[in-house]
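The block underneath contains the structure these notes are about, expressed in structure tokens.
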Number of protein chains: 2
Amino acid sequence: MKDRMTPAVRMTGHSQRGQCAKRMSILDAAADVFCRQGFAAASIDEIAAVACVSRQTIYNHYREKETLFVAVVEDVMNRANAMLFSVLSAFPDDADNLEDDLTAFVVRLNKNCICNQDGKFLRKLVQTEGERYPHLFESWRQQGPGKLTTALSALLARLAQKGALVIDDFDVAARQFVALGNADLQMLTLFGGTPTDAELEKAARNAVRTFLRAYGRPAANKSGAQPQLAAVSG
Amino acid sequence: MKDRMTPAVRMTGHSQRGQCAKRMSILDAAADVFCRQGFAAASIDEIAAVACVSRQTIYNHYREKETLFVAVVEDVMNRANAMLFSVLSAFPDDADNLEDDLTAFVVRLNKNCICNQDGKFLRKLVQTEGERYPHLFESWRQQGPGKLTTALSALLARLAQKGALVIDDFDVAARQFVALGNADLQMLTLFGGTPTDAELEKAARNAVRTFLRAYGRPAANKSGAQPQLAAVSG
DNA sequence: GACGTTTTAGACAATGGCGTCTAGTTTTAC
DNA sequence: GTAAAACTAGACGCCATTGTCTAAAACGTC
């Protein structure tokens, strides 16, 4: 009789090395192979080889291929959500140096949430297997980008209340903020490449400049930008 | 032999049309199945069934699965390019009613190039099989979105030269224009759904409003009733 | 109506992956 | 040190799919 419960909590260092490490190794390898090959073309043998693990060990931990796939998606999603929360918690909340602060935020958002391996994996998987696994997609949609735009909407509203921005529709502005942040990187990320730090910086600066030209407080005149009249009658 | 011929296929015309129709039927069916299942999971039998064609006919026209796949991608790409060219040729070139004209353009662009079946197919395929078929992807990149932003950059420059827009970097503005146009639809298209006309209209209007707030001529007051000075060098 | 081309349905071997099983080895727990 | 659990390597059956082949049938042309 296998007693899988024992090691994790009870024992300290050794058990972590044994089983938990195997599990994580399998999850990482599976994420890599699933991302590169897609679900159908990914073979358990290749995952086992990448994980440096016997195939039977995989079947021991995860009953079948689909179980492994679901576990991988949930694992990546948890990491991505934690990272997203962390990045969102550093959103600027005062009007001083708003352009620089927003630029730094966009850099962090793109670098750690959107252009990184997990973001690429989730986007790719959602597009390829989304129709086949609607529940997985729904979870990702609500906890991933859904949370992002919702949270950003509130954060932008906070800045608007302080007078730093003039926004009529916070949800629209949040979506546009994200879209502008990705505008220069979209083709690169679609290709699968990873932007350099310089590219991230430049893309973020372009995005924030345009965003502030559209939504910045009229009085706050930034370098060389033309003053805007932001009054929008219903 | 048994006459289980499908009645629907009978409508096809004469000899040359017979073959050509078969080829197109195969291409359409293959595009459908490849898009839904991905290359690896798509089976020739299913494609044959969808196309109402014998499997041998497929192998007769296209030597093997990969040949068929390449032919499908090229076919869809040709259609998409033609549509993109057509839409781009209707980009507004005068400053009168710029907001409405740009909005209508964004609606057409999204409806006929980005959110339609071909656009969805290409995006999905590039993400899933892009690493496996770099040459296919490169072609799409240069002829698809690459052409879009390049052409848009020139078109925006034309508007700027006429004084309708104030743009410092046309390439950046072009990418941002596309990004803003998709901002409200991105999640929907990622899901695979098709936006309604109302959603398309609203998304385009939000995008153009923000774009013009950022890049519109300062004197030109939008969303008001009165047209401003219309003197522009024709 | 006859002939050549195209299409069709089905059979066929070959391939490869999934999931199971077994026997032998290593690791862990006590 | 010992026993139990986990891991490994490999073989195995099963099933789906690819691509080929063949005889029959449909189609278009003459």
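In what follows, chains are A, B, ... by sequence order, proteins preceding strands, each numbered from 1. Just so you know, these numbers come straight off a predicted model, no measurement behind them.
Checking dG19(D), dG19(C), dT8(C) against the side-chain heavy atoms of Val53(B) singles out dT8(C) as nearest.
Atom-to-atom, CZ of Phe69(B) to C1' of dT17(D) comes out at 18 Å; the value is rounded to the nearest Å. At whole-Å resolution of the value, OH in Tyr62(B) and C1' in dT18(D) are 18 Å apart. Protein atom CZ of Arg55(A) is 11 Å distant from nucleotide atom P of dA11(D), rounded to whole Å. Whole-Å rounding puts the Phe39(B) CZ to dT18(D) C1' distance at 11 Å. The CG atom of Asp45(A) sits 14 Å away from the C1' atom of dT15(C) (whole-angstrom rounding). Distance Arg23(A) CZ to dC7(D) P: 10 Å, rounded to the nearest Å. Per the geometry, CD1 belonging to Ile58(B) stands 17 Å off P belonging to dT6(C), to the nearest Å. Distance CD1 (Ile47(A)) to P (dG17(C)): 12 Å, rounded to an integer number of Å.
The base of dC18(C) does not come close enough to the side chain of Glu64(A) for any donor and acceptor atom to sit less than 3.5 Å apart.
Inter-residue side-chain proximity for Lys147(A) and Gln142(A) is flagged as unmet; no heavy-atom pair is nearer than 4.5 Å. Side-chain contact check for Asp118(A) versus Met83(A): every heavy-atom pair is 4.5 Å or farther apart.
Relative ring orientation between Phe69(B) and Phe34(B) is described as perpendicular, the plane-to-plane angle rising above 60° on a 0-90° scale split at 30° and 60°.
The phosphate of dC7(D) has OP1 or OP2 within less than 4.0 Å of a side-chain N or O from Asn60(A). Residue Lys22(B) has no polar side-chain atom (N or O) positioned under 4.0 Å from OP1 or OP2 of dC27(D). Residue His61(A) places no side-chain N or O under 4.0 Å from the OP1 or OP2 atom of dA6(D).
Heavy atoms only, all atoms of each residue included: Thr194(B) and Leu188(B) are closest at C-CD2, 4.1 Å. Here the closest heavy-atom approach between residue Ala173(B) and residue Leu156(B) is recorded as C-CD1, 3.9 Å.
Counting any heavy atom pair closer than 4.0 Å across all strands shown, Ala42(B) reaches sugar-phosphate atoms only and no base atom.
Of the residues near DNA chain C, Ser43(A) and Ser54(B), the one whose nearest nucleotide (by heavy atom distance) lies more toward the 5' end is Ser54(B). Along DNA chain C, the nucleotide closest to Gln56(B) and the one closest to Glu66(A) are compared, and the more 5′ of them pairs with Gln56(B).
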